[in-house]
Novice: 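Can you read through this structure? Questions will come right after.
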Number of protein chains: 4
Amino acid sequence: MRLIDSLATTPAMAEIFSDSSILQAMLGFEAALARAEARVGVIPQAAAEMITRLARAEAFDPSQLATLSLRAGTMSIPLVKALTDRVRSVDPESAKFVHWGATSQDVADTAMVLLLRRASATLALDNQRILEALHQSSNQHAATVMLGRTLLQPAPPVTLGLKIAGWFGALRRGWARLERAFEETMIVELGGASGTLASLGEHGIAVRAALAEELQLQNPDAPWHTHRDRLAAVICACGIYTGSLGKMARDISLLMQGEVGEVAEPGGDGRGGSSTMPHKRNPIACSLTLAAANRVPGLVASFLVGMTQEHERGAGGWQAEWATIARVIEDTGLALASMTEVAEGWSVDASRMRANIEATGGLIFTERAMLLLGPKMGRDAAHQLLEEATRHSKLGDVLEDYLSPEEIRELNVPESYLGSAETFRRQLLTP
Amino acid sequence: MRLIDSLATTPAMAEIFSDSSILQAMLGFEAALARAEARVGVIPQAAAEMITRLARAEAFDPSQLATLSLRAGTMSIPLVKALTDRVRSVDPESAKFVHWGATSQDVADTAMVLLLRRASATLALDNQRILEALHQSSNQHAATVMLGRTLLQPAPPVTLGLKIAGWFGALRRGWARLERAFEETMIVELGGASGTLASLGEHGIAVRAALAEELQLQNPDAPWHTHRDRLAAVICACGIYTGSLGKMARDISLLMQGEVGEVAEPGGDGRGGSSTMPHKRNPIACSLTLAAANRVPGLVASFLVGMTQEHERGAGGWQAEWATIARVIEDTGLALASMTEVAEGWSVDASRMRANIEATGGLIFTERAMLLLGPKMGRDAAHQLLEEATRHSKLGDVLEDYLSPEEIRELNVPESYLGSAETFRRQLLTP
Amino acid sequence: MRLIDSLATTPAMAEIFSDSSILQAMLGFEAALARAEARVGVIPQAAAEMITRLARAEAFDPSQLATLSLRAGTMSIPLVKALTDRVRSVDPESAKFVHWGATSQDVADTAMVLLLRRASATLALDNQRILEALHQSSNQHAATVMLGRTLLQPAPPVTLGLKIAGWFGALRRGWARLERAFEETMIVELGGASGTLASLGEHGIAVRAALAEELQLQNPDAPWHTHRDRLAAVICACGIYTGSLGKMARDISLLMQGEVGEVAEPGGDGRGGSSTMPHKRNPIACSLTLAAANRVPGLVASFLVGMTQEHERGAGGWQAEWATIARVIEDTGLALASMTEVAEGWSVDASRMRANIEATGGLIFTERAMLLLGPKMGRDAAHQLLEEATRHSKLGDVLEDYLSPEEIRELNVPESYLGSAETFRRQLLTP
Amino acid sequence: MRLIDSLATTPAMAEIFSDSSILQAMLGFEAALARAEARVGVIPQAAAEMITRLARAEAFDPSQLATLSLRAGTMSIPLVKALTDRVRSVDPESAKFVHWGATSQDVADTAMVLLLRRASATLALDNQRILEALHQSSNQHAATVMLGRTLLQPAPPVTLGLKIAGWFGALRRGWARLERAFEETMIVELGGASGTLASLGEHGIAVRAALAEELQLQNPDAPWHTHRDRLAAVICACGIYTGSLGKMARDISLLMQGEVGEVAEPGGDGRGGSSTMPHKRNPIACSLTLAAANRVPGLVASFLVGMTQEHERGAGGWQAEWATIARVIEDTGLALASMTEVAEGWSVDASRMRANIEATGGLIFTERAMLLLGPKMGRDAAHQLLEEATRHSKLGDVLEDYLSPEEIRELNVPESYLGSAETFRRQLLTP
């Protein structure tokens, strides 16, 4: 992890996009390509073995490669050259067959797919954890009443269980979309210079199939050098999923406000303190998640706008992708890891929730009063009467004129004004 | 269509988001809600009939409602008031039951879903047309060779059929994503003030189910006032689909360049002229599509960033949505209609395609030469030899040293260097 | 105002981008061009007079023009044709000179500049109002103490006057940037087909100068058909200014929360109510401002990404601009008008502010305690001591061990822990 | 430089945002703060000297700090702790005064300002180089005629000198905006916990002034913890400047197309090759610039949307900034360095330019013909006549009917149809 990105990634995600991980993914492609070509008989078996043996990340200097990549406009050219040099130094004959028939974007695209496969596995684990934690938490708080809040104003009560179930539902849907997008992207790229695999003559289809097997990727209908919709689907699904994590973070950071005080992020392990204010329990995980949810939409736009790539390989659009993809995935990983930590360790103050309801002095039940008065005088007459009563703080007087003491008492019991909250909650949790 | 948006919509899409269409969608919700509540026994049948009878767009003044909406921060409040007034003027008793138990966002969200249903039907028709046109066109040009172009430089040949099949594949995938996103969004919104339907007491679930039936929408697990991921999925899918349309437009606009001249957009009906240059055939449909593909990514970002909505109803995020959704859908409709027109009516100059290949003087076959020379001297020695030969325009001399006249002749025949192009093309078109 | 945009504009801004306003701006260009050309002697004086007389918006059908514009890919071609037809019907000789020497983008760009001039005047008025209101309000509340809040947690006190002055400072800087950007954009566009004014032969420079005079615009160094940086500067400055308005709206919407209750937006005139909850005073103006601040950044991205326009006139980038510019300006106008209304009419509950400070039980003064204890035991030992004390709610005990009763009493007086707040406040207000 | 960012930065920019550079900037703040406080008498002189002596980047472990930063939600807390520990190990008394009175965001914001100062100096040098190269190049090609191109179609001629001058003008304006934005951002941040400097009692103003002197930064009117408009102005100005660089890159990449062939990027030093196609001279610098111009607008949106920061310090918005700022500056540096290399080393093929004009067969002079015919038959009758003539390839016949052979010959001489091109060119270059 670099300092500049230290609030925009996680150690796991930073490792996936580290130099050695990228090198290994690219070298893994070159080795698998050689083996696939040997299997089909395009290159000698010995060359495939030698290339596989020497295609190891630790043998290459990433810093030098980075500098050369910037000159070449692609990471592939200097890496292929370095790998060829390395093979030649050991076995000149095998060196002839490095990168045989492939183009720069073949290795770059497939390597990115391999990195995304690793990222998706990491995300899947955290996603499972957060869903489990939220599921359990929602059940636990099925009957915990709290203020509803609309436009940041008090509203009729909800249950904390329903609120949590709402987050759960959005994340489960979001993960389903993301998983589907990852799945359709787990494909090999191999097209050669113009995407026809002309370089492999009659063997193109067979080599590509063997390569897919070697890498345990799917084999798409055709090369996709300038059709970036599958990658775009991953990026967009990350955007939506991070947005839902951001919504959860927004809610929790608001509930943590001093004046509200209904929940708290877990502290400990360096989290939540302040350099100047020893008393503080800051919503750090929520802030980092909201930060990610702030950053990702713009990155999604950057990716989408690069889709209009020219002809068989783009001039600008393709070159723009890597830095953007990495940032989106790292931000998604950060948001998910942060909210997983919260979901697993937060604390809830149910008595403060009830106290905040009571502090509204019954105001939040004016909807209920309106519905009681509505049949007697019409919905909008009741609305107007109550609006004026609350403006002049005479709600009690007004209600006494129309309702029995029993009705008024019942009016203020949050548990009896939850409507279908529990049904909705259960439906949201239903597998 | 307004002038300000006249390059950013189509007549069909502009109609869907017109005042009368919006009014009808919102009023349709109120009428269906009343009928649903009458069916469940929550309000009198007569009220439902009266509300349904009077909930007609032409009876309301959209301009006045727009002004009131801006004050209220929602279209729903003034419209509900106007409808109530109208019902009251005919039948005061029924007026009591307008909008019974619903909240502003219930009508707004469901109305937007109804508008999206109309939009998706329009898009589906154009999508079918463009896929059919591209399918046919790809088959027709299965053997039409043309330059491959990578980083805007000449590359080994492809077929026009493959290029078209690439567009086809991306659009078919894109439509599948968009269709799925539309489907999961075809849901009713009904939650009342805090999303618990407390206002409907024990009848909430039944009313919601009846409402969904009335509107022929699905009934989701729970209200989604602040969980906007389904809408976000539609917006993102539009972004990807428009990106793929933009890629097709980019290719065609480049192929139409005077110096390339390989294809032309259909003209006629006011299209493609210039006010100053009588000779011009401008790529208007492509330009409008590229314009849409420029605009949409930023709009996607706007939508995603609004997902972090507070608690039970947001303050800012929700209010931001309508204008953005409409713009995205209208831009998608514009891009699709424009490229459909192109796909159905463009002209192809196959002889110019061949001439452009020939004009490269065989340069594009250096990959092929490299592969022939590779086994003799190694891939990268061959690369270096050819790179220098082309730099000094001595490609012919160099090749003569290593290849037979027959090999050299064969080297420059594009039809024999297409690799798996036809296989890829067929796979892309396979249902 | 259309319903779809009714939460994304103001009546004044909607009028500026209305059909009639756009038509008048475009026709105003054509008339001014004719007069300029007559002054230089390029066209007959009689033609200029006739064109000027007939170039009136009400004579044209905007709806039909919009449809034709979509076909032509520009509004200019159908409008010029319609104007020419209209002139011809009265005076065939003059009709020959309509749009003489100009290209479509000349009229479109200059018309947009004219619309922006109107918009800037409207914004300037509101900006002046909001700055005045904030200035006065800041002075009024120079001594009103309230909680500081960092990461949404209580922090040492500030004054409301300082908070307001912070908004004031950001808006004043923002307006200065926006004003500068508008100024550099108040330029005429006249370049003819390729931006050389070859169509006007030796008279190009003189005609352009005369046109600028007619329209009271500046005359730039050269045509700017594909150099859109000045427009981009306006769009970006709107983005920054709206961001600062959004920050003010964020603060106020948070201060309006039921649990905080320190300020309230002005109500009345249809503002702030709820269809279901008669008691509500919703932060409508803040929500609309936050909605604008959500939308605008994506629109800024849309504009910027369109800057890479091809050669002498772009294919896609230019066509993308109008809808985006209008939305940005309308959103800026909405945010500004909304917050101006708030600044001029909000109410402040200073006693609630003090009560919220007191409710923290002195916790917010731990920084202060740390600074008192720091010299005795070191800054970070004090930090650690206080962090533990607050965790175990033993702050009082700890302080008693180290501080005198007098020191402890003084510790909790917010007025004596305001540091340089008043100096900063005055500096922010200084002209 | 990391591999993942190797197409999205330059070595110089990567160094500025490297761990050691960031550490040094943050430590530089802490040291300067201590010296400032010692000058004012707030802390002992010996402490200031000790802190200054020990605040050296190489003594700290950036990787460990990055991990701790992610936990703390800010880089400042772990760094201040590490510095305090280091000072304590040498001089416990001095350790008490590390970070005295400052808050985390004070060091983070000021450190970013220091990084931006370094970045602006690097950018300024490249900007000067590119402007000089373009100025010279424009003069050199003042009389080099080439096709104008509008909507990617041939149009009346321009000069290469004018085209270059257009790039020059946009970049000069863009730099002026960027320089102004950098200037207003060269300010110190020092506000303490709530931005009042209460922690420094009566010495706040004096300490802040001394700190500004120590760092040679300006002293703003007040702390700006949640007023991010100045940073936003830098980010936006980068967006506009990169957009203008992207426009230049777009033009050049199009002119480099095989079918156009009018210019070429400089090659050499690993630039422009292809792994598969030995003949290729790819527009690498242009592609990298277009990639940057694709990425930056989304990043601008990310920054702007984070401006709505809560109260005295934001929860999410602030935390989002660093990664975004670094990416924008690095992309700007990449685009500028790339196009500077092009401007200084590109090659121009003036004869190909003329040949491309001639290849249009006079079509581009139809505007000119229209203007000759216009006075005889009216502008739009001429337009129609010529439009039909070009459609039926009978332009020559038509012209012969109306123009003398001498007029027709003159019609096709590009040099005599350049209008005010040279005047515009000179005005664009005028200081």
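Proteins come first, then strands; the chains are lettered A, B, ... in the order of their sequence lines, and each starts at number 1.
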Novice: Tell me which of these, B:Trp100, B:Phe303, B:Phe97, B:Trp318, has more heavy-atom pairs under 4.5 Å with chain A than the rest.
Specialist: B:Trp100
Novice: Rounded to the nearest 0.5 Å, what separates atom CZ in A:Arg177 from atom CZ in B:Arg230?
Specialist: 7.5 Å
Novice: Tell me, side chain or backbone of A:Leu147 under 4.5 Å from chain B's heavy atoms, or both, or neither?
Specialist: backbone
Novice: What part of B:Glu202 gets closer than 4.5 Å to chain A, counting heavy atoms only: side chain, backbone, both or neither?
Specialist: neither
Novice: In the structure I gave you, are the side-chain heavy atoms of B:Thr423 and A:Arg208 within less than 4.5 Å of one another anywhere?
Specialist: no
Novice: What I'd like to find out is whether the side chain of A:Thr308 reaches to under 4.5 Å of the side chain of B:Leu290, using heavy atoms alone.
Specialist: yes
Novice: Once rounded to the nearest 0.5 Å, what's the spacing between atom CZ of A:Arg313 and atom CG of B:Leu152?
Specialist: 12.0 Å
Novice: Looking at every non-hydrogen atom in both residues, tell me the closest pair between A:Glu310 and B:Lys247 and how far apart they are.
Specialist: C-NZ, 3.9 Å
Novice: Closer than 3.5 angstrom, by distance alone: can the side chain of A:Ser194 be matched with the main-chain N or O of B:Val158 as a donor-acceptor pair?
Specialist: no
Novice: Is there a side-chain contact (heavy atoms from CB on, under 4.5 Å) between B:Asn219 and A:Gln427? Walk through the geometry before answering.
Specialist: CA-CA 11 Å; B:Asn219 206 0; A:Gln427 290 178 172; over 6 Å; no
Novice: Go through the atoms of B:Leu245 and report whether side chain, backbone, both or neither lie under 4.5 Å from a heavy atom of chain A.
Specialist: neither
Novice: In the structure I gave you, are the side-chain heavy atoms of B:Gln319 and A:Leu151 within less than 4.5 Å of one another anywhere?
Specialist: yes
Novice: Which residue out of B:Gly204, B:Gly166, B:Ser244, B:Gly298 racks up the most heavy-atom pairs below 4.5 Å with chain A?
Specialist: B:Gly166
Novice: Quick one: what part of B:Val98 sits under 4.5 Å from any heavy atom of chain A, side chain, backbone, both or neither?
Specialist: backbone
Novice: How close do A:Ala170 and B:His227 get, counting heavy atoms only, and between which atoms?
Specialist: CB-ND1, 3.5 Å
Novice: Counting only heavy atoms closer than 4.5 Å, note whether B:Met377 contacts chain A via side chain, backbone, both or neither.
Specialist: backbone
Novice: Side-chain contact, heavy-atom cut-off 4.5 Å: B:Lys81 with A:His383?
Specialist: no
Novice: Who among B:Glu422, B:His225, B:Arg88 has the most heavy-atom pairs with chain A under 4.5 Å?
Specialist: B:Arg88
Novice: Starting at CD of A:Gln309, measure out to CG of B:Asp251 and round the result to the nearest 0.5 Å.
Specialist: 10.5 Å
Novice: Do you know which two heavy atoms are closest between B:Ala301 and A:Ala301, and how far apart they sit?
Specialist: CB-CB, 4.0 Å
Novice: For B:Trp224, is it the side chain, the backbone, both, or neither that has a heavy atom closer than 4.5 Å to a heavy atom of chain A?
Specialist: neither
Novice: Side chains of B:Ile205 and A:Phe424, heavy atoms from C-beta outward: is any pair under 4.5 Å?
Specialist: yes
Novice: Measure distances from B:Thr226 to the heavy atoms of chain A and classify the residue's part below 4.5 Å as side chain, backbone, both or neither.
Specialist: both
Novice: Could you check which of B:Ala293, B:Gly246, B:Ser416, B:Gly316 has the highest count of heavy-atom pairs closer than 4.5 Å to chain A?
Specialist: B:Gly246
Novice: Would you mind telling me which of B:Ser420, B:Ala249, B:Ala421 has the largest number of heavy-atom pairs within less than 4.5 Å of chain A?
Specialist: B:Ser420
Novice: Considering all heavy atoms of both residues, which atom of B:Pro157 and which atom of A:Thr196 are nearest to each other, and what is their separation?
Specialist: O-CG2, 3.8 Å
Novice: Can you tell me which portion of B:Val300 sits under 4.5 Å from chain A's heavy atoms? Options are side chain, backbone, both or neither.
Specialist: side chain
Novice: Let me know if B:Arg426 has heavy atoms under 4.5 Å from chain A in its side chain, its backbone, both or neither.
Specialist: neither
Novice: Considering all heavy atoms of both residues, which atom of A:Met307 and which atom of B:Ile240 are nearest to each other, and what is their separation?
Specialist: CE-O, 3.4 Å
Novice: Measure B:Pro220 against the heavy atoms of chain A and call it side chain, backbone, both or neither at under 4.5 Å.
Specialist: backbone
Novice: Tell me, for B:Arg228 versus chain A, whether the close heavy atoms (under 4.5 Å) come from the side chain, the backbone, both or neither.
Specialist: neither
Novice: If the contact rule is any heavy atom under 4.5 Å from chain A, which residues of residues 232-239 of chain B qualify, in numerical order?
Specialist: B:Ala232, B:Ala233, B:Cys236, B:Gly239
